[in-house]
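Only one structure is covered here, and it is reproduced in the block below.
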Amino acid sequence: MASLVRAVRVRPFVFGLYNLGPRMMSNGLGELGSGSGKGGGAGGSIREAGGTLGKKEVAEEEMYFRRMQQQQLGELKKHHADEIRQRELDIKRHKEAIERHKQKIRDIERTTPGSQSDSD
């Protein structure tokens with residue numbers, strides 16, 4: 001739980017991605033937007049009235065959340081791509097450092113009398 005809180009503090013847009021499943025507003029009582037008490041709930045006067053406007057509002061709301069979900073997924077994908085790119089740069093930098101240290105060891109072995117390379 002602590003790591004979840006830390007992740008939310010560092011990357012707040014990630015928090016909303018945990019509930020990416022389809023939105024289920026109805027509990028089987030009827031069609032969304034068909035009026036109060038019929039599964040549409042009391043989501044405002046237009047939705048309460050039901051009919052075409054209520055259904056249209058439900059559809060627009062669903063489209064809004066679908067767009068938000070796509071935007072969050074895009075941001076998450078970009079974030080992971082940035083992380084991968086950074087880790088690849090870190091790997092390259094570390095390999096270069098390893099090679100420098102190996103070269104220093106070879107230089108020391110060549111200049112040190114009685115080293116393994118001289119005795120062969």
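Note that this is a predicted model, so its numbers are computed, not measured.
- The only member of Gln69, Glu61, Glu62 that meets side chain to side chain contact (heavy atoms under 4.5 Å, CB included) when paired with Phe65 is Glu61.
- The CD1 atom of Ile105 sits 8.5 Å away from atom NZ of Lys102, with the distance rounded to the nearest 0.5 Å.
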| request: Start with the C-alpha gap between Gln70 and Arg67, add the side-chain angles, then the distance that decides, and say whether side-chain hydrogen bond (donor to acceptor under 3.5 Å, both in side chains) holds. | output: CA-CA 5 Å; Gln70 291 302 315; Arg67 278 193 300 268; over 6 Å; no
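- At a threshold of 4.0 Å, the pair Asp90-Arg93 counts as salt-bridged, since one of the basic side-chain nitrogens sits closer than that to a carboxylate oxygen.
- Looking at Arg106 and Gln103, their side chains do bring a donor and an acceptor atom within 3.5 Å of each other.
- Within the 4.5 Å cutoff, the side chain of Lys56 has heavy atoms near those of the Glu60 side chain.
- Rounding to the nearest 0.5 Å places NZ of Lys55 at 6.5 Å from OG1 of Thr52.
- Note that OG1 of Thr112 is 10.0 Å distant from CG of Asp107, once rounded to the nearest 0.5 Å.
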| salt bridge (charged side-chain N to carboxylate O under 4.0 Å, His left out) between Lys92 and Glu88, intermediate numbers included | CA-CA 6 Å; Lys92 179 181 175 188; Glu88 288 172 343; over 6 Å; no
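- Between Glu99 and Lys95 no salt bridge is recorded (no basic side-chain N to carboxylate O distance below 4.0 Å).
- One finds the CG atom of Leu89 at 11.0 Å from the NE2 atom of His94 (value rounded to the nearest 0.5 Å).
- In this structure, the side chains of His79 and Glu75 stay at 4.5 Å or more apart for every pair of heavy atoms.
- Here the straight-line distance linking atom NZ of Lys77 with atom CG of Asp82 works out to 12.5 Å at 0.5 Å rounding.
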